[in-house]
Amino acid sequence: KPLADAKRIELKKEFTEVKVMADEKNLALLVGILLDNAIKYSPEKTVITVRIERKDNHGLISVIDKGPGIAADDLPHIFERFFRADSSRTKEQVAGNGLGLSIAQKTAAALNGAIIAKSEVGEGSTFTLRLPVA
């Protein structure tokens with residue numbers, strides 16, 4: 001929240017109660033990485049939506065931003081260690097070393113889940129953490 005407040009970003013919540021098979025520590029790590037990235041890449045005074053829902057036998061936690069988006073050529077590589085998409089897509093330098101999404105994807109896989117990324121340049125990105133329901 002302090003990072004979002006510093007950029008005057010509103011965090012909008014759309015929650016449905018879902019119990020997933022994940023420990024609190026790893027779940028906090030995963031959501032933290034996704035939110036941190038969304039805040040880093042979102043312009044000031046925008047909205048980031050966090051949506052929690054159940055679909056089939058999975059709990060879905062989606063982080064939806066209105067940032068610069070990710071080019072289609074870069075999207076297949078964003079979960080690779082040290083990968084950083086073309087920095088020219090943002091006006092400001094974004095701190096980080098390209099490990100967050102790689103760690104998140106490996107952690108999600110260890111919990112029998114996955115992270116799915118959808119993005120369009122100029123429109124923003126949606127990262128959805130999918131975990132089995134408890």
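Here the structure is a predicted model, which is why all the values come from computation and not from measurement. Computed from heavy atoms alone, side chains included, the values below leave out hydrogens, waters and symmetry copies.
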Straight-line distance of Leu30 CG to Phe127 CZ, nearest 0.5 Å: 13.0 Å
Backbone N/O of Ser42 and side chain of Thr46: donor-acceptor pair under 3.5 Å: no
Short N-O contact, Lys12 and Glu10, less than 4.0 angstrom: no
Would you tabulate the side-chain donor-acceptor contacts of residues 20-28 under 3.5 Å, counting partners in other chains and residues two or more places apart, or write 'none'?
unit_1	atom_1	unit_2	atom_2	d
Asp23	OD1	Asn26	ND2	2.8
Asp23	OD2	Lys25	N	3.4
Asp23	OD2	Asn26	N	3.0
Asp23	OD2	Asn26	ND2	3.4

Gap separating the CG atom of Leu75 from the NZ atom of Lys118, nearest 0.5 angstrom: 11.0 Å
Electrostatic pair Glu44:Lys7 at N-O distance under 4.0 angstrom: no
Heavy-atom check, side chain of Thr16 versus side chain of Arg54, under 4.5 Å: no
Heavy-atom closest pair, residues Glu53 and Val18: C-CG2, 3.6 Å
Closest approach of Ala117 to Ile78 (non-hydrogen atoms, all atoms of both residues): CB-CD1, 3.6 Å
Stepwise side-chain contact (heavy atoms from CB on, under 4.5 Å) check, Ile39 with Ile9: CA-CA 8 Å; Ile39 293 167; Ile9 292 174; 4.2 Å; yes
Straight-line distance of Ile116 CD1 to Phe79 CZ, nearest 0.5 Å: 8.0 Å
If you look only at distance, which donor and acceptor atoms sit under 3.5 Å apart when one is on a side chain in residues 98-110 and the other is two or more places apart or in another chain?
unit_1	atom_1	unit_2	atom_2	d
Gln105	OE1	Ile115	N	2.9
Gln105	NE2	Ile115	O	3.1
Thr107	OG1	Ile103	O	2.8

Pairwise distance CG(Leu11) to OG1(Thr49) - rounded to 0.5 angstrom: 9.0 Å
Side-chain heavy atoms of Val50 within contact of Phe15, under 4.5 Å: yes
Thr126 side chain near Ser119 side chain, heavy-atom distance below 4.5 Å: no
Side chains of residues 56-66: which donor-acceptor pairs under 3.5 Å do they make with residues two or more places apart or in other chains?
unit_1	atom_1	unit_2	atom_2	d
Ser62	OG	Thr128	OG1	2.8
Asp65	OD1	Gly67	N	2.8
Asp65	OD1	Ser125	N	3.1

Leu34 side, atom CG; Leu129 side, atom CG - distance, nearest 0.5 Å: 6.5 Å
